[in-house]
Every structure is written in structure tokens, then in C-alpha cells.
Amino acid sequence: MLYIYLFSPMQDFILYYSFLLLILSAFFGIGYGILRLLKLDYEGYEQLFWSLFAGVITVTVGVAIIRTGGKSVMTAVPLGGLLAWGLGIFKQDKSIETIQTSIFTDNKPSWLQKITVIGLASLLFFSLKFYFVREDGHFILPFIDDRFYAKIAHSLVAYGTESTNMWHYLDVQNSSLEPYHYFELWLTGIIAWVTYQPTVIVINLILDAIFYINIVLGLLHLLTKKYNHYYFVFAVSIFLPFISGFYPVFTKLYPFFDSIQATAYLGTYAKILNMHKVLPIMLLLLCFYICVYEKKIQKGLTFLLLLPIFSILTYPSVMLACIGYETIVSIHRRLKKIEWHISFLAVILSLFIILFYVVGNVDNLSQSAGSLSNHLSIFVKGIKSLIVILLTNLYVYLPIVFVFLFLCYTNYQVWREQQKTFLIYALLLVGGAVAWILLIHNYNSKQFFYLIFFSLHFLLVLKLFMFTSQQKMVYWLLSVIIIAFLSSIYCTQLYFNEHFSIIESKVNYTFLKKVQAVISNSQSKNKNFAVISPEKNIMMYHGEYITLLNSDYKNSQLGDNIIDTTNCAVYEKVYILKLPFYKYIKAKQLLNPDLTLPQLRYSFMKENKIEYLCTTLQTTLDSTLQKYVKLAIDDSIYQQRFIQLNPLP
């Protein structure tokens, strides 16, 4: 089926919000059944939190394993879970001293309150998402990374191969397993498959809302143990996630930050409305925090060990945190009571992940490993970059740092009760920082640090709020003011980033309606189309408006940039090497070096039965293809051109 979203905004809103509520209900039901099966009894918001969490994990991991025939990194989740259960990690850890639970008040919400909370939280977040993915009454094509994620999410479920090569369906025999952040993309693909909606819409309207609601329920579970002021607790829980790792717009006002390029180092992971890979990390860190609060540190560390499975770039941070923590604690106890359960589990999971990708014939690990052999200057550059980030964020989060230090100075008990969790936080940051420094020239190296760093901001602010709540009223009010201040900065940043970075994502809907009519009237069952664009950036290709019509349409890049990679960035060259057309060119030129690019395009399109071309008004079509043009539709506003071809003889 073809989809085009030209309804009124209210009709679209009701349609997708209904999808969100139905999907949430299904996850809650599945998760509740899993908890009952495991004889895990919870009440209140804790029950909702763990039910939604268990439902999402079970469905996503289960479908990934089934769809890939077991060839999914998600297979490590049930294996690790069984091993953790056998090691007794899920039992109560009474040896760890944390805050006494006797100070908690017992606040059991009614079902009406629970439903109201879920409804209001989902409505708030969904409304914000809905506002930023529409313009002039229509859906816009989202940020280029989101379109890339959407393609991968679709191909995961459609073809059952964990590959970041979103064109691999034209070259299945050469596709290989690759490490990536697949968990949220599997979830996106599953939801799109069930609802028959394009993944590009699902990932922006439904996916993040599910994680956000799960995080809010976890915060409510924590805070309602301490407060009876229900509406205040609800308001704090709703807005706390929004202050995680924001991009501080006001740093641009100071020449000092421009001179050290601090804003460039902070990157774009700050936007909660574009945090598809960060929200699952925040959720697992919240699981860890809840377990620590309930005196179950080993259980909390087990949730951290899920991170490398869901997002491979968290591996250095998590492994150092888990193994380092047990080592330091054991030495501190003078080896009188050694507990290596988490370290053993970490080693087993590491071996599984390494063997999984080695057997899967990963073709880009050598590039990452090769970076380690670079000169000392690279290490120095990494150290300088790290110092810039730490100093910049120290300035941005100075209110939080000040309150932490003041509380530790005035009340040593606060520090003593939380020093173990601070140790784990520190190890998480050190692990990511070391990986970044060593792999500073790798195209994805920044994320080793960022993915953990921005998520930890969320928990640090939560700690601030929990700390000050036990102190005098003035400190408690101070934490609320800080939360409000950081949230307001976030909202300002959100407006500027979202409204001024979507120029390349716009599409003329009159043009799109004509394209839909052509595709709908076509008698061909073939869903291949090609893109020929003058753009040098391989990620900014044209023709992605077709993803708003149907996710099943498969595109091939036939641009000049596949031949001329002189000015391409490192990550662009990595993707170009995976393109079926690039491999096709190399194979054909070995047999006949005299073949020209137009000839290669023609033969590739003929072999793959491509009948549609997406180009720009500035693109001059090869004379070889011009005589086969059946119909051309132009978009004079955004300079797009859609071409229907006659069958190539």
C-alpha cells in the first residue's frame, strides 16, 4: 500500500496518538504477563515502569532473534539473563549500604491516577514531536540521520540482517553483520510493520514517546516514595528528562567558547526530540539508579551490561565501570569478600559479542583497530578535546556542581551514602573518554564518550533533586529552580535547532501528490528507484520523499560522488564502499576498463529493473537514459525532479 499524509493536522494527530496508546497498551500487557510469570510482584508506578520495560525488551529482542534466525546480537540478552539468574545476581544484595528505605513514604496511586499520568505524559511528548515534524499542515522529511535510521529500521524487519548498509537488499549475498545501535531501530521496524506505517514517521512520532513515558514512570516510582505532593512530583518527573545534555545556546555569546570550538564538541546529541539512541541509554541508567536505591547494586550493574548489546559504542564505558567497580570494592575490603559475578558476566558477554561479529565477517572493525597504531600526537589531540568538553560542561552545569560540592561539605553523610554510585559514574566516563582518545581519528569516535556523557547529566540532575530534598527547604527550592532554568534553556535551543536545520528536508506536497499518482497507477510490482544527484555528501541524496509514500521502495545511489570521493568525509567513504553500484562498477571495470559511467548506470538500472529516477532540476541526465524518459514531474520550489522511465531494452 501507498501512504501519503495530506489529512488535516487534527486527523493525523488523532491517528498517530491512537497508535501510540494502542502500542503502549500492548507492551504493558505483555510486560505484566512476563512479570507475573517470573513471580515478580510490584505495585504502583514501579509496576507500570517494569511492565513497560519488560514488554518492550521482550518484544524487541524476541522478534530480532526470530527474524534473523538467531543471527542477532540481541541473542546475548536472554543468554546473559539466564547466566545472571544462575549466578544469583538478581537476589537481594544486603552487603551494600545505601539510603535507608525507612524514610520513604508509601504512596500508592489509584488506577485513575496511573491512566491519567500515562495519558498526560504521552500527550505532552507526542504533541511536541508532532509540532516539530510538520510544517504548513504536512509532514516534513526529518533530519538526514533520522532518514538513515528509518531505512535501517525497515531493512532489519524486512530482510532480517543487522547491517547498516541500507542498500544491502540489492546486494544481500555480500551483506555482513555490523556493530551498531540496533535496539531502538528493531523496535521502530516492528512498530512500522504492525501498524503498516512508514518507519520515517514511526521513528519520529512513536519511538521516542515510548522511551520517554517509561523514563517518566521510573522517576515517579522514585519520587513518590519520598513525597506526598502528587502533582508537584508529577510535574518534576515530566520535565526532568528534558534537561539531559542540552546544547547550551548561550555559550555562543562568549568569544572564549567560539575560540576553543566548544559548541562543535558538544554536538547534536543534546536534543531530546532527536535522541533515538540516547533515550534507551537513559532508560537503562535509570534502571541502574533504581536498583542502587533499593540496595541491589549487582542487579543495577546487570542493566548496564545491556548497554553494549543495545549500542556497541557504550562497550568501553560499561565494561570498565562493571569490572573496575568490583575490583576497587574488593581491594577496599582487602579481598575479605570478593564478588566477581558481574565481572564474570561481563567477560562472557564480551566474548559473545566479539565472536558474534568475527563470525559475522565484519568489514569495518579493522578500520577502528587500525587507529590505535597512530602516532602520539593523536593521543595528545584527544586529551585536548576531552579537556575542552569537560571545561565547557563544567561551566554549563556550574549550578549543579556548586550544589553538589556544598552539600558534600555541609553534610558528609550525603557523600558517604552515594560514593559508590559516583564511583561507577566516574568509571563510565573514563571508559568512554579513553576509547575516544585512542580512536580520535575514527569517524564515529566521538560517540564513545557522548552517548554516556549526555545521559549521565540526566541522572546527576536527578541526584541533585533527591539530595536537596533531604536538606533544608532553601536547598530543595534551589534544585527546583535549577531544573526550571535548564529546561527553559533546552526549550530555547530546541526552537533554534529544529526550525533552522530542516531546509534540506522540505518537500512540495503538490509535487508529492503527482508522484504518488504515477506510482499508484503503475502496473509494475518492482519497487526499485535510482537517485542521480550532484550532491557530494552521500547522506544528503535526493528522492527520500518517497519514504513518505512507502518504506518498501528501494533506492540505489548512482551519483558522480560514487566515482569521485576526493572531497568526501571519512564516514561518507565508508558508506560509498558498501553501495551496490560501487561494487558493480569495480566488478565491471575489471572485465572492461573502457566502460563509461553512463554505460555503467544504464546496465545497472537494466539489471535491477529500475523504472523511476529521482534527480534535481540542476542534474543533466545522461544521453543514454534521456531517450527512455516517459514522464518527468518537476518541483520548482525545492528543485526536485521525478522521472518515470520506459522499460530499458
Taking the side chain as C-beta and beyond, is there a heavy-atom pair between [X] and [Y] under 4.5 Å?
X    : Y    : value
T161 : S155 : no
H221 : Q47  : no
L285 : L304 : yes
F234 : T224 : no
I89  : W85  : no
F288 : Y293 : no
L15  : F19  : yes
V278 : M282 : yes

Y16 vs Q197, test: side-chain hydrogen bond (donor to acceptor under 3.5 Å, both in side chains). Steps then yes/no. CA-CA 10 Å; Y16 285 102; Q197 303 303 309; 2.9 Å; yes

What closest approach, in Å, do [X] and [Y] show between heavy atoms, and which atom pair accounts for it?
X    : Y    : answer
L79  : T75  : CG-O, 3.3 Å
S317 : L428 : OG-O, 2.9 Å
S122 : L20  : CB-CD2, 4.1 Å
S163 : I152 : O-CG2, 4.0 Å
G80  : L349 : CA-CD2, 4.2 Å
P198 : A192 : C-CB, 4.5 Å

Test applied, side chain to side chain contact (heavy atoms under 4.5 Å, CB included); reference residue, I23; option that passes from I210, V59, V194: I210

When you check the side-chain N and O atoms of S350 and Y315, is any donor under 3.5 Å from an acceptor? yes

Check step by step if side-chain hydrogen bond (donor to acceptor under 3.5 Å, both in side chains) holds for S51 and Y42. CA-CA 9 Å; S51 293; Y42 300 107; over 6 Å; no

For the residue pair F130 and F13, categorise the inter-ring angle as parallel (less than 30°), tilted (30 to 60°) or perpendicular (more than 60°). perpendicular

Worked verdict on I281 versus F310 for side-chain contact (heavy atoms from CB on, under 4.5 Å): CA-CA 8 Å; I281 297 175; F310 291 178; over 6 Å; no

Hey, does the side chain of [X] reach the backbone of [Y] with a donor-acceptor pair shorter than 3.5 angstrom?
X    : Y    : result
N214 : F49  : yes
R67  : A158 : yes
S311 : P308 : no
D208 : N204 : no
Y325 : L427 : no
E162 : V73  : yes
K296 : C291 : no

Nearest 0.5 Å, please: how far is [atom2] in [Y] from [atom1] in [X]?
X    : Y    : atom1 : atom2 : value
I57  : L284 : CD1   : CG    : 6.5 Å
T188 : L207 : OG1   : CG    : 4.0 Å
I424 : L301 : CD1   : CG    : 4.5 Å
I191 : T60  : CD1   : OG1   : 7.5 Å
I353 : I312 : CD1   : CD1   : 4.5 Å
F183 : L306 : CZ    : CG    : 9.0 Å

State whether W50 and K39 meet the cation-pi test: NZ (Lys) or CZ (Arg) under 6.0 Å from the six-membered ring centroid, and within 45° of the perpendicular axis. no

Would L120 and I238 satisfy side-chain contact (heavy atoms from CB on, under 4.5 Å), going step by step from the backbone distance to the final call? CA-CA 9 Å; L120 289 177; I238 286 290; 5.7 Å; no

For the pair L313 and H181, evaluate side-chain contact (heavy atoms from CB on, under 4.5 Å) and give the outcome as yes or no after the intermediate values. CA-CA 8 Å; L313 291 176; H181 52 94; over 6 Å; no

Carefully, step by step, assess L305 and M319 under the rule side-chain contact (heavy atoms from CB on, under 4.5 Å). CA-CA 8 Å; L305 286 175; M319 293 305 166; 4.0 Å; yes

Carefully, step by step, assess Y149 and T199 under the rule side-chain hydrogen bond (donor to acceptor under 3.5 Å, both in side chains). CA-CA 9 Å; Y149 298 151; T199 51; over 6 Å; no

Does atom NZ (K71) have a neighbourhood of more than 12 heavy atoms from anything else shown, all under 6.0 Å? no

For F303 and F53, run ring pair (Phe, Tyr, Trp, His ring centres under 6.0 Å): C-alpha distance rounded to whole Å, both residues' side-chain angles, the deciding distance at 0.1 Å, then the answer. CA-CA 12 Å; F303 284 111; F53 180 80; 5.7 Å; yes

